[in-house]
Amino acid sequence: MSQKLTSAQIRQSFIDFFSEMGHTIVPSASLVPGDDQTLLFTNAGMVQFKDVFLGTDRRPYTRAVNSQKCMRVAGKHNDLDDVGRDDTHHTFFEMLGNWSFGDYYKKEAIAWAWMLLTDVWGLPKDKLWATCFYDDKGNVPKDDEAAEAWLKQPGFIPEHVLYFGRKDNFWEMAETGPCGPNSEIHLDRGEQYCDKQDVPGHVCQVNGDCTRFLELWNLVFIQYNRLRPTQLEPLPATHVDTGMGFERIVSVLQDVDSNYRTDLLWPLIQTTQQLSGQTDSEREANFTPYRVISDHVRSAVFLIADGVVPGNLGRNYVVRMIIRRAYRFGGKLGLHEPFIAKVAEQMFPIYGDFFPELKRNRKAILNSITREEEQFQRTLERANANLENLLDELQASGRTFLSGEQAADLYTTYGMPLEITRDIAREHGLEVDEVGFKRSMDEHRMASNAGKVMGPIGGEDVDTYRALVTELEGEGKIPPTGVTYDPYSRLQVDGAVLGLIVDSRSVPQADPGSAVEVILPDTCFYIESGGQVSDTGLITSKGGNWSIQVDEMRKPAAGVIVHTGKVLRGTPRVGDLATAEVNTIRRRDIMRNHTATHLLHAELRRVLGEHARQAGSLVAPERLRFDFTHPEAVTPDQLAEIEAGVNQHILGNFSLNINYKPLQQAIHEGAMALFGEKYTETVRTITIGGLDPFSYELCGGTHVDETGDIGLCLITSEGSVASGIRRIEAVTGRGAYALVQHRFHLMHQTTAILGASHDQLPEKAKAMMDELSEIRKQVTILRQNLVTAEFNQVLDQTQELNQVRLLTATLTEADADTLRQMVDRFRQRFPNDGVVVLASVHDGRPTLIAAVTDDLVKRGINAGNLVKFVAAPLGGGGGGNPTLAQAGGKDSSKLPQALASVAGWVTEHLK
Ligand SMILES: [Zn+2]
Ligand SMILES: [Zn+2]
C-alpha cells in the first residue's frame with residue numbers, strides 16, 4: 001500500500017472492480033425492507049435479492065455489485081449490547097457484495113476476490129488464508145472445487161487452505177430453502193494484534209479466539225435447496241452471494257486497530273470531543289461514550305433518511321431509543337444540552353455523495369434529532385430521580401435485579417427506553433429483568449410491533465404457480481420474461497386462458513360460482529402497488545358463454561400474474577378465447593386520485609417545507625389518503641393554502657410527462673422516491689408542470705393525461721397517525737362533486753329551516769345562538785327563583801331535635817351551586833345549632849349538600865361524615881370540610897330513606 005485510501009475510494013474501487021467484470025451497479029435498498037414483513041430492518045446485503053434466489057423475482061442482470069446499508073439492532077441479529085464495548089460492533093454498517101444469479105460460480109468468484117485483495121488493494125499474499133467447507137456430519141460433499149480454485153491463485157500459499165464444518169462454512173437462508181458451502185478469506189494481521197498474548201497456552205489461529213486473524217470476506221456458493229433438515233437437492237442454477245464488512249476492510253486498508261478510528265467514524269468522534277472539551281488522554285481513558293455516540297448518530301441519520309422518525313413502536317422506537325441512548329452517553333462527557341445534530345453534521349461530507357438520500361433530507365434529519373433530544377431532556381429530568389431512588393433502594397436491600405414491572409413503569413410513565421434503564425442499572429452493578437419487562441409491556445398492550453412483524457418467510461405455496469409458469473414457458477405460451485403487464489396504454493385486452501387455479505390447484509375448467517384465479521398471456525389490470533389498489537373488472541369468453549368477475553390482482557411468483565375473482569356464469573376452460581376488461585369508471589376515479597397525490601405532495605413541500613415527505617399513501621377509487629412527515633398539526637390556513645395550490649395545478653391543466661430511465665439518473669435529477677419501496681434498475685418517472693415542473697416522482701401508478709382531468713380536489717381531513725406523521729384525506733372528481741352536492745343539499749335544508757338566504761346563514765345562525773344563550777341565562781334565573789320560593793317554604797319545616805334545628809329536603813332541578821346558596825340561607829337564618837342536608841336529582845343522579853353550624857362541629861357533628869353517611873345507600877361518596885360537604889350518588893330511589901335517616905345519625909353523634 002503506497003498511500004492510504006479514503007473510505008470513499010475504497011468503496012468506489014470495490015464497485016469499479018466488479019463493474020469492470022460485467023456487474024451491474026445496484027443501489028443500496030432502503031433500511032426498511034420494502035416487501036419483507038419478516039424483517040424489522042435490512043440486515044444483510046442479500047435481503048433485496050432474496051426473492052431472486054427463491055425464484056419469485058427476476059432481474060434484468062445476472063451479475064450485481066452493491067454496498068448495502070444494514071442495521072442490526074433488534075430481533076435475532078442484535079448487536080446493540082456490544083456497541084461501545086469493543087471496536088468492531090455497530091448498529092449500522094455497510095456490506096459490500098458481488099452477486100451471481102445463475103451466472104459465474106466458484107472459480108471466478110475466488111479469482112476476483114484474490115485479484116481485488118492482492119493486486120488492487122495490495123494486501124500481502126502470504127498473510128491471507130482461505131477456509132473451505134468439510135461436513136463434520138458427513139452428509140454434504142466436501143467443497144474441493146473451492147479449495148482447488150484457491151490453490152490456483154498466483155502467490156497463494158497452499159498450506160493456507162483450511163477446512164471447517166457447518167458452523168463456519170455452510171450458509172443457510174432459513175430452515176429450508178437455498179443454501180450452500182461458503183469460503184472465507186482471513187487476514188493475519190501479525191502477532192502484535194493478538195489480544196490473548198498473555199494467556200498461557202494460547203495459540204493464534206484462523207477462526208480462533210483472539211483478534212490476530214480477521215475474517216475479511218465471505219463467499220457463499222448457493223448450490224442446494226434444503227427441503228427438510230436432512231434432505232438437500234441440487235439447484236438447477238447456482239448462485240454466488242458475497243459479503244465483506246465495509247468498516248473492517250477500511251480499518252485494514254487505513255491500518256488502524258479500530259473501526260472507530262477509520263475516516264468513517266473518526267470525524268464524529270472528534271466533533272464530540274470538541275463539544276465536550278476533553279483532552280486526547282481523557283478521551284482515550286473513557287472511550288466508550290465516544291463509540292456509542294458516533295455509532296448511534298450514524299444509525300439515526302441513516303434511519304431518518306429512510307423515513308423512520310422517532311416514535312413508540314417498532315422501527316420508530318428503535319430510532320428513538322438510539323438517539324436517546326446517544327444523548328445519555330453525551331451526559332457522561334458533560335454534554336447536557338442537545339448536541340447530536342452538531343455531530344450528525346459530519347455525516348454529510350462522509351456519506352452524502354454515495355447515499356444522496358442523506359443530503360436530500362439533511363434539514364429534516366437534523367431537526368428530527370434535535371426535537372427528540374429536547375423531548376428526552378425533559379424525560380430524563382423526571383425519570384432519573386425516580387430511577388436513582390429505585391436503584392438505591394435495591395442496592396440497600398441487597399437485591400441485584402430491577403424488576404420488569406419497574407422497568408416497564410419507567411417506560412410507560414416517563415418514556416424511558418429499556419435499553420437506557422439497563423445502561424443506568426448496570427452502572428449501579430444491577431441488571432434488569434428483561435423477560436419480566438416484556439411480559440409487563442404485553443400486559444400494558446404497548447409491546448413493540450417488532451415481535452409481530454417477525455414471522456416465517458414466505459408462507460404461500462408458490463410451487464403451483466412456479467410449475468405452471470415453467471410449463472407455459474416450455475410450451476412457448478408466455479415469453480421467458482413472464483406474463484405481459486401493461487396497465488398503462490389500454491383498458492381491455494384479448495387472449496386465450498392459459499391457466500385456471502381453484503383451491504391452489506391448476507384445473508382444466510372452473511365451475512359456475514367458484515372462486516378462481518385466471519392466468520392470461522397479457523394483462524391491463526393494475527396490480528396493487530405504491531399505495532394504488534388493484535383494478536377490478538370482467539373477463540368474458542369470446543362467444544359470451546361465460547364470464548368471471550375480477551376482484552383482485554396478484555403476483556404470486558416471478559413471471560406470473562393472476563386475476564382473482566369468481567365465475568359469474570358458464571364454465572370457463574383453459575384455452576378459451578376471452579376479453580379482459582378493466583372497470584373503467586372505477587379506474588378513472590383511481591387515476592384522478594393518484595395524480596392528485598402527486599400534486600398534494602408537491603404542495604405540502606411548498607407550504608410546509610422540504611421535510612414534509614411522503615410516508616405512505618392509499619389511492620382508492622372513492623378517496624385518497626396521504627401520510628407525510630411533519631412534526632405538528634397543519635394549521636387551517638396552511639391546509640387552505642395547500643388545497644388552493646392543488647386546485648390551481650388542476651386548473652393549469654398540465655400534461656403529465658411519463659419517462660423511463662435508470663434509477664440513479666432519476667435520483668440524481670431529484671425525483672422523489674418513496675422510502676421502503678423497492679425500485680428496479682429502470683424506473684418510471686412522472687413529471688408535472690411543463691418546462692418548470694413542480695412535481696417529479698418515481699411512480700409505477702396509473703395517471704390522468706392532464707391535471708384538468710382531476711376536476712376538483714377537496715381535503716376532507718387532517719390528523720396525526722403516529723409521532724411525527726400526519727395524514728391528509730381528500731376526494732377528487734366524482735367524489736368531490738358528490739361531496740359538494742351533499743354539502744349544498746345540507747345548506748339548502750338549513751336555509752329552509754332558518755328561513756334565511758344562503759348569504760345570511762352565518763349571521764342568522766349567530767343571532768340564534770346569541771338568543772339561545774340569553775334565554776338559557778333567563779331560564780337559570782327563573783329556576784333559581786323557583787327553587788328559592790320552594791326553599792322558603794321548606795325553611796319553615798325545620799325539625800327541632802335536642803335543641804338542634806334540622807332540615808332535610810329535596811329541591812326540584814337545582815344544581816350544586818343553587819344548593820349551596822340555599823344552604824347559606826339556612827345558616828343565615830339559623831347561625832347556631834343548625835344541621836341541613838339538601839338534595840336534588842338531575843338525570844336520575846342525586847347531588848347532596850350538608851352543612852353544620854360551627855358550634856355543632858365541636859359537639860361531634862361533622863358535615864363530611866354526615867354527607868358520606870347519607871350518600872352511602874345511594875351508591876356514592878363525597879367529602880368536604882366539617883362545616884360544608886358535598887356528595888354525589890348513582891341511585892336516587894333511596895333518597896327519601898337516606899334523608900329520613902339523618903335525624904337518627906345526628907342524635908347518635910351529638911355530644
Ligand atoms: Zn492470538
Ligand atoms: Zn405515484
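The first residue in the sequence is number 1, and the count goes up from there. Remember, it's 1-based here, ligands and their atoms both numbered in the order they're listed.
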Problem set entry | SG (C204) - the Zn ion (ligand 1) - SG (C210) angle, nearest 10° |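 Computed angle, vertex at the Zn ion (ligand 1), rounded to 10 degrees: 120°.
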For this session: Using a cut-off of strictly less than 2.8 Å, determine whether H594 has an N/O/S atom near the Zn ion (ligand 2).
Result: yes
Problem set entry | NZ/NE/NH1/NH2 to OD/OE distance under 4.0 Å, D627 and R727 |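 Yes, charged N to carboxylate O under 4.0 Å.
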Problem set entry | Pair R606 + E641, salt bridge at N-O below 4.0 Å |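 Yes, charged N to carboxylate O under 4.0 Å.
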Problem set entry | N/O donor-acceptor pair under 3.5 Å between N169 side chain and F164 backbone |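 Side chain of N169 to backbone of F164: no pair is present.
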Problem set entry | Of the N, O or S atoms in H202, the one nearest the Zn ion (ligand 1) |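 Output for this pair reads NE2.
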Exercise. Under the 6.0 Å and 45° cation-pi test, does R261 pair with F287?
Worked result: yes
